[in-house]
Amino acid sequence: MLLLAFDTATPAITAAVHDGTAVVAESTVVDARRHGELLLPSVDKVLAEAGASLSDVTGVVVGVGPGPYTGLRVGLVTAAAFGDALGVPVHGLCTLDGLAHAAGASGTVGEGPFVVATDARRKEVYWARYEGPGRRVTDPAVDRPADIAERVAGLPAVGAGAALYPEVFTDVRPPADQSAGALASLAAQRLATGGEFLPALPLYLRRPDAQVPAGYKAVLPK
Amino acid sequence: MTDEPLVLGIETSCDETGVGIVRGHTLLADAVASSVDEHARFGGVVPEVASRAHLEAMVPTIQRALKEAGVAASDLDGIAVTAGPGLAGALLVGVAAAKAYAYALGKPLYGVNHLASHICVDQLEHGALPEPTMALLVSGGHSSLLLAPDITSDVRPLGSTIDDAAGEAFDKVARVLGLGFPGGPVVDRYAREGDPAAIRFPRGLTGPRDPVYDFSFSGLKTAVARWVEERRREGKEVPVADVAASFQEAVTDVLTRKAIRACKDNGVDHLMIGGGVAANSRLRSMAAERCADAGIRLRVPRPKLCTDNGAMVAALGAEMVARGRAASDWELPADSSLPVTEPHVPGAGGALDAHTALHTAGHGHTH
Ligand SMILES: [Zn+2]
């Protein structure tokens, strides 16, 4: 098994190669505005480090968000194109689950409740609640931190979104950024145990901004 | 013939997900998925709606194009993509897809200019472009007069709109008349039943001291709105067909007049017209008449190749391959304001050169 994983749903551009046992190469760059430029070079780099080429890959793992739209689509369209061109399956995973898995693996959270929160911009966070790193108990949502303060009060919180709002998330723990290595490990675990994946479709959680113009603006004075 | 470059082109600069495949100057496939209906109720293209639709349509449209062309992806000599100008988020989907396919298939990537592609598409219809080519590009996003001594490396802007694009004026007039979005086709349809001489609307920037090759459609659009509102205020019926025909006459009069002037001034005996507005029937007929009178050979592709499509991107990509232009590298950005003077975005070299060399050796090509 050779998994290529990447995620562009957060400010991080992260890519990793996993051989079924362990992460063999990983690259993470945080640059919220250059997902489109940096993803392919990152993929190229981790494959080279792993001593593999894309044709050796048996499955593509991609974070499906939630995430601010433009960057998120870079990862998803790249995964879909790889899947089509190589004829390999594309496994979607919730981006927040990757952060939860990373926190569990590094021991910053235990089997108790915690939340994961990423930056949704516009003074909102994407978030979900977990009971242990492998068990998400709410659907990912987008909210203003103040509106969920009671629901997350006192819980450990993982992710850069939590760190932005210390008045709401009072117990912030690492990691801050998404890691494709963690996402790949989670995928390898699910593949080994027959767990389920999400379709590689974006979790936007917001409707597109669009104003319906009210007729046309008259040019003559009223 | 088979040693002409086989190139797949991806276009996502606005609301059409276009994938075309060409071999040299021969069109093999032109697959388009449009999100235009989703934008209609907003009265204009909504960037986020367009970007979402591109993501959904991308892989199926590529598959459809390959099937239509009857070629295998592994046989391609390159993948071209619109790198700009256009809507940033929309461009990004196409650029990321093109990189992924190019990387996965081991093919060189060519990020190309949308405007130069609109010109180059005519090679699929009328064969090699004359050099230089004079081109009038008119659409919802652009109105320019361009002189192209070499479509792969040398495109010079002579003039462009100082306010609205020609296609935008069609959209706005359609809205004033209550005809819906997009405005181009519906105004054209009504205009066929109307009298183009019924109302004398102004011709922007045609005075003796005005810039010779620049356009302005904002004043015309306002004049049409004013005329229509005055009629309505007086409680009179608005002669929609006459307004549409008279407006369309004013636009096409200015466009063709300036384009022919540009040909004469620069000693060019060909005129190419491209972009969505080139699908307008009156523009096509007026340009044909005036070019014939001026002894200029007119080249206008069929309407489907005038609107945004992937074939035009493939056509320019094939020309890049044929002329041995440097491929783009994996860092290729989507550039929403890519200048028209940059027909493509060559890479700094390195990985891609090795890549291209490997591919060329593998297929025994010499370009
Ligand atoms: Zn266009």
Side-chain angles (χ1 to χ4, degrees), chain A residues 4 6 8 13 33-45 47-48 53-55 57 60 62 64 68-88 90 199-202 204 206-222, chain B residues 12 38-39 41-44 46-52 54-56 58-60 62-63 73-74 88-106 109 172-178 181 221-226 228-230 232-233 329-334 351:
Chain A
L4 171 67
F6 45 85
T8 60
I13 298 97
R33 296 154 59 130
R34 296 180 66 213
H35 292 83
E37 286 156 70
L38 299 179
L39 179 59
L40 228 292
S42 299
V43 165
D44 191 43
K45 193 172 127 197
L47 284 169
S53 82
L54 194 59
S55 52
V57 167
V60 176
V62 64
V64 301
Y69 325 131
T70 301
L72 172 61
R73 280 189 285 264
V74 170
L76 285 167
V77 80
T78 301
F82 281 168
D84 180 42
L86 303 170
V88 298
V90 179
L201 300 172
Y204 293 122
R206 284 185 184 129
R207 295 197 141 316
D209 299 318
Q211 302 278 311
V212 182
Y216 79 95
K217 245 195 272 137
V219 298
L220 290 181
K222 294 263 160 74
Chain B
T12 63
E38 296 173 54
H39 304 285
R41 69 196 171 97
F42 301 113
V46 181
E48 176 60 20
V49 171
S51 300
R52 290 185 181 195
H54 287 311
L55 174 58
E56 282 173 39
M58 183 52 64
V59 169
I62 299 245
Q63 290 172 336
S74 55
L91 288 167
L92 192 57
V93 177
V95 170
K99 285 183 190 179
Y101 276 101
Y103 186 78
L105 298 166
L109 170 74
K172 287 174 179 170
V173 164
R175 194 184 297 171
V176 167
L177 293 172
F181 173 86
K221 166 197 78 189
T222 308
V224 173
R226 184 178 289 270
V228 169
E229 284 170 34
E230 276 165 1
R232 285 191 183 132
R233 193 168 281 188
D329 47 29
W330 301 128
E331 286 85 359
L332 173 71

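We use all heavy atoms of the structure for the numbers below, so side chains are in, but hydrogens, waters and symmetry mates are not. Proteins come first, then strands; the chains are lettered A, B, ... in the order of their sequence lines, and each starts at number 1.
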Output for pair (A:Leu86 CG, B:Leu105 CG), nearest 0.5 Å, gives 8.0 Å
Considering only heavy atoms from C-beta outward, does the side chain of [X] approach that of [Y] to under 4.5 Å?
X	Y	answer
B:Met58	B:Thr12	yes
A:Arg73	B:Leu92	no
A:His35	A:Thr70	no

Chain B heavy atoms under 4.5 Å from [X]: which part of the residue, side chain, backbone, both or neither?
X	answer
A:Leu47	side chain
A:Leu38	neither
A:Arg207	backbone

I'd like to know which of B:Ala334, B:Ala96, B:Ala73, B:Ala88 tops the heavy-atom pair count under 4.5 Å against chain A.
B:Ala96
Among the listed options B:Ala90, B:Gly89, B:Pro333, the residue most often paired with chain A at heavy-atom distances under 4.5 Å
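Most heavy-atom pairs under 4.5 Å with chain A: B:Pro333.
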Donor-acceptor under 3.5 Å (A:Thr78 side chain, B:Ala100 main chain):
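Checked: no pair found.
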So for B:Glu230, is it side chain, backbone, both, or neither that comes closer than 4.5 Å to the heavy atoms of chain A?
both
Is B:Val93 close to chain A through its backbone or its side chain, or both, or neither, when contacts mean heavy atoms under 4.5 Å?
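Both backbone and side chain of B:Val93 come within 4.5 Å of chain A.
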Using 30° and 60° as the class limits, which term best fits the ring planes of B:Tyr103 and A:Phe82: parallel, tilted or perpendicular?
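Because their plane-to-plane angle lies in the 30° to 60° range, the rings of B:Tyr103 and A:Phe82 count as tilted.
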For the candidates A:Ser53, A:Gly36, A:Gly75, A:Ser55, which exhibits the highest count of non-hydrogen atom pairs separated by less than 4.5 Å from chain B?
A:Gly36
